[in-house]
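Got a structure for you, written out below as C-alpha cells; questions coming shortly.
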Amino acid sequence: SLSLKEYYEMLEIANTIQPLNSSGNVDFINGKIILASSGFSNTNHDFAQFQSDVQSDPNINPYLLLVNAAVNGSPVEDWTDLSSFKWSYVNDTVLPANGVTLEQIQIVWFKHTHVRAQLLPAPNNTWPGHAITINEDYETIARNLKTFYPNLKLIYISTRARAYTTDIGANSASSVSSELYTFEEGFAAKWMILDQINGDPSLSYNGTNSSTAWMSWGPYLWVDGINQRSDGYVWNCDDTISDGVHLTQGVPGKGTYKTSSMLMNFFKTDPTTISWFLKNT
C-alpha cells in the first residue's frame with residue numbers, strides 16, 4: 001500500500017499530464033494527450049473496442065487521443081529486445097500513421113503475455129518459476145517503454161482475462177499463456193509494482209535519469225471463469241473464440257466489450273486518470 005506522501009506524489013504526477021505537440025512541448029492549440037496500448041493480439045482487440053467506445057462518449061477530454069500500439073502475434077519476447085522488429089514497426093509505422101511522435105506519448109496501457117512454451121524450462125516447471133520469469137520480462141518492457149518514449153509518465157497494467165485451454169502445443173495459438181499461466185501473470189504484475197514502491201533503482205520514475213514511468217494497476221481482468229467476482233464479472237467460454245485464448249469481438253456484452261467496459265470504468269474513476277481522461281475536470 002502507498003504512504004500518504006506517495007499517494008500525493010502519485011496525484012502530482014497525474015496532474016502534470018498536459019497536451020504535447022510533436023516536439024514534446026506543452027501546446028494547448030496543437031497538442032494531444034496520448035494514451036497508447038502496449039501488448040499482443042488480445043491487447044490490440046481490447047483496445048480497438050475501447051477506442052470505439054471512447055469516440056462515442058461525450059464526456060472524454062477532447063485533447064485525448066488513443067493510439068493502438070499493440071501488435072498481433074507479439075508475446076513478451078518480442079518486446080524485451082529493443083532492436084526487435086515489433087518496436088520498429090510501432091515506432092516507425094503505427095505512430096506516424098496516427099500523426100504521433102515518440103515525444104508525445106505520456107500514458108500506456110500495458111497488457112503483455114508469454115508464449116507458454118517459452119516458460120516450460122522454468123525451475124521445476126512449477127510455481128513460482130513462471131511468474132518470476134514473467135515478472136523479470138515485464139520489468140524489462142517497462143524500461144524499454146521509457147527508453148523509446150522520453151515523456152512517458154504513467155503505465156497502467158492489466159493481465160489476461162481468462163484462458164479456456166490447457167493446450168501446450170508450441171505451434172498452437174492456445175500455447176499463449178494458458179491457465180494457470182494467465183492467472184500467474186497477475187503476480188508478475190503485482191511484484192513489478194511492489195518493486196517500484198520498494199525503491200528498486202532499475203524502476204525509478206523520478207528525475208531526469210528515471211528508468212521507467214510511474215506504474216500502477218489498471219483494471220484487473222482475470223476472473224475464475226463462471227465463478228462471479230464481487231463486482232459481478234464472470235468470463236464464460238463464449239467470451240472467447242474457438243481457440244480459447246482470444247476474446248470475441250463485435251458481440252455486445254461479450255469478450256472485448258467486457259474489457260472495454262472495465263477500461264472505461266477504470267479511467268473514468270481512478271484518482272490518477274480523471275484529471276486528463278475526462279472533459280472539464
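Source: prediction; values computed, not measured.
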Close side-chain approach of T212 and Q196, heavy atoms under 4.5 Å = yes
Separation between CG (N68) and CG (N44), nearest 0.5 Å, reads 4.5 Å
Kindly indicate whether the side chain of F40, heavy atoms from C-beta on, has any atom under 4.5 Å from the side chain of K86.
-> no
Would you check if the side chain of W79 reaches a backbone N or O of W87 as a donor-acceptor pair within less than 3.5 Å?
-> no
Are side-chain heavy atoms of K153 and I17 found at a separation under 4.5 Å?
-> yes
Side-chain heavy-atom pair F50, M264 within 4.5 angstrom cut-off | yes
Which atom pair, heavy atoms only, marks the closest approach of F28 to P19?
-> CE2-CD, 3.6 Å
Does any N or O in the side chain of Q249 come within less than 3.5 Å of the main-chain N or O of Q49, such that one atom is a donor and the other an acceptor?
-> no
Crowding at CG, N206 (>12 non-hydrogen neighbours, <6.0 Å) | yes
Should the ring pair H246 and H45 be called parallel, tilted or perpendicular, given that the plane angle runs from 0 to 90° and is split at 30 and 60?
-> tilted
Is the F187 to W127 ring centre distance short of 6.0 Å?
-> yes
For the residue pair S158 and G218, what are the closest heavy atoms and their distance?
-> OG-C, 3.9 Å
Any donor-acceptor pair under 3.5 Å from D270 side chain to F266 backbone | no
Test item: I105 and L95 side chains (from C-beta on) under 4.5 Å apart, heavy atoms = yes
Could you pull out all residues at least two apart from F110 that satisfy ring pair (Phe, Tyr, Trp, His ring centres under 6.0 Å)?
-> H112, Y138
Assess the side chains of T182 and W222: does a donor N or O sit below 3.5 Å from an acceptor N or O?
-> no
Answer yes or no: is there a donor N or O on one side and an acceptor on the other, between the side chain of T93 and the main chain of V90, under 3.5 Å?
-> no
Same apolar cluster: L35 and V26, side chain cutoff 4.5 Å | yes
Between the side chains of Y149 and N91, is a donor N or O closer than 3.5 angstrom to an acceptor N or O?
-> yes
Could you tell me whether a side-chain N or O of D27 sits under 3.5 Å from a main-chain N or O of N30, the two making a donor and an acceptor?
-> yes
Go through Y63 and Q18 one step at a time and tell me if the side-chain contact (heavy atoms from CB on, under 4.5 Å) criterion holds.
-> CA-CA 9 Å; Y63 285 108; Q18 301 285 358; over 6 Å; no
W191 versus P128: any side-chain heavy-atom pair under 4.5 Å?
-> yes
R162 vs T240, side-chain hydrogen bond (donor to acceptor under 3.5 Å, both in side chains): CA-CA, chis, key distance, verdict = CA-CA 9 Å; R162 185 70 164 83; T240 65; over 6 Å; no
Considering non-hydrogen atoms only, spot the tightest contact between M192 and A142 and give its length.
-> SD-CB, 4.2 Å
Value for OH (Y89) from CG (D78), rounded to nearest 0.5 Å, stands at 13.0 Å
Does one hydrophobic cluster hold both V54 and Y257, with members joined at side-chain heavy-atom distances below 4.5 Å?
-> no
In this structure, OG of S216 is separated from CD1 of I157 (nearest 0.5 Å) by 7.5 Å
K258 side chain near L247 side chain, heavy-atom distance below 4.5 Å | no
From NZ (K146) to CG (L203), nearest 0.5 Å | 13.0 Å
Starting at CZ of F277, measure out to CG of D57 and round the result to the nearest 0.5 Å.
-> 7.0 Å
Keeping the roles fixed (side chain from S37, backbone from A70), state whether a donor-acceptor pair exists under 3.5 Å.
-> yes
Would a hydrophobic clustering, with Ile, Leu, Val, Met, Phe, Trp and Tyr connected at side-chain separations under 4.5 Å, put V251 with L221?
-> no
Mark yes when over 12 heavy atoms from residues, nucleotides or ligands other than Y220 sit less than 6.0 Å from its OH; otherwise mark no.
-> yes
Cluster link V108 to V94, ILVMFWY, side chain under 4.5 Å | yes
Verify, without hydrogens or angle tests, whether D81 (side chain) and E77 (backbone) share a donor-acceptor contact under 3.5 angstrom.
-> no
Mind running side-chain contact (heavy atoms from CB on, under 4.5 Å) on K279 and N59 for me, showing each step along the way?
-> CA-CA 5 Å; K279 181 170 62 177; N59 299 308; 5.5 Å; no
Taking the side chain as every heavy atom from C-beta outward, state whether K268 and I60 have any atom pair closer than 4.5 Å.
-> yes
S211 and P201: which non-hydrogen atoms are nearest, and at how many Å?
-> OG-O, 3.5 Å
N25 side chain vs N21 backbone, donor-acceptor pair below 3.5 Å = no
Hey, does the side chain of T43 reach the backbone of K111 with a donor-acceptor pair shorter than 3.5 angstrom?
-> yes
Minimum heavy-atom distance L145-I155, with the two atoms named | CD1-CD1, 4.1 Å
Check whether L11 and Y156 end up in the same hydrophobic cluster, where Ile, Leu, Val, Met, Phe, Trp and Tyr are linked by side-chain heavy atoms less than 4.5 Å apart.
-> yes
Kindly say whether G255 contributes a backbone atom to a donor-acceptor pair with the side chain of D239 at under 3.5 angstrom?
-> yes
Only one of T113, N135, T159 passes side-chain hydrogen bond (donor to acceptor under 3.5 Å, both in side chains) with E185; say which it is.
-> T113
Closest heavy-atom pair and its distance - A213, Y205 | C-CB, 3.6 Å
OH (Y8) with more than 12 external heavy atoms under 6.0 Å = no
If we ignore angles and hydrogens, is there a donor and acceptor under 3.5 Å between the side chains of K254 and T248?
-> no
Output for pair (L278 CG, T273 OG1), nearest 0.5 Å, gives 7.0 Å
